[in-house]
Amino acid sequence: MSETLSFLISLVLKGGAVLLVVNEVRGMILAVPVLYALYEAGGTWMAIWLAFCSLGGIALSVLVPIFLARKLLRRAPGL
């Protein structure tokens, strides 16, 4: 029973690691249009602020799951 449970937990953790990598790639893909629009706008203060807010939202959507995963892994030291 413990081998099966260990295997399932290992499988879930490996899947989670793959999903984190996919999430990072998604964040980079979402940042490209924002940076291009900032470049096209000529770097006005409004464009810089909008780019900052957009990239901040993308960063939060990528970083929050990573921090939550780390916190969960700390609470389960046997994994």
Side-chain angles (χ1 to χ4, degrees):
M1 177 69 179
S2 66
E3 285 184 27
T4 305
L5 184 60
S6 177
F7 174 73
L8 289 175
I9 290 173
S10 172
L11 192 63
V12 168
L13 288 176
K14 288 176 185 175
V18 168
L19 289 175
L20 284 175
V21 170
V22 170
N23 198 23
E24 291 289 335
V25 171
R26 179 190 63 90
M28 286 187 277
I29 291 171
L30 289 174
V32 170
V34 174
L35 295 173
Y36 180 74
L38 178 62
Y39 171 76
E40 286 293 316
T44 63
W45 284 109
M46 181 59 77
I48 292 171
W49 178 250
L50 289 174
F52 173 76
C53 292
S54 297
L55 292 175
I58 293 168
L60 284 176
S61 75
V62 171
L63 294 176
V64 168
I66 291 173
F67 288 126
L68 287 176
R70 284 184 185 167
K71 199 173 226 183
L72 288 174
L73 286 175
R74 281 191 208 132
R75 290 185 184 232
L79 302 177

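Excluded from the calculations below are hydrogen atoms, water molecules and symmetry mates; all remaining heavy atoms, backbone and side chain alike, are included.
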Pairwise distance CG(Leu68) to CZ(Arg70) - rounded to 0.5 angstrom: 11.5 Å

Any donor and acceptor pair, going by atom type alone, linking the side chain of Ser54 with main-chain N or O of Leu50 inside 3.5 Å? yes

In Å and rounded to the nearest 0.5 Å, what is the CG to CG distance from Leu55 to Leu60? 11.0 Å

Criterion side chain to side chain contact (heavy atoms under 4.5 Å, CB included) on Val32 and Met28, from CA distance to verdict: CA-CA 7 Å; Val32 170; Met28 286 187 277; 6.0 Å; no

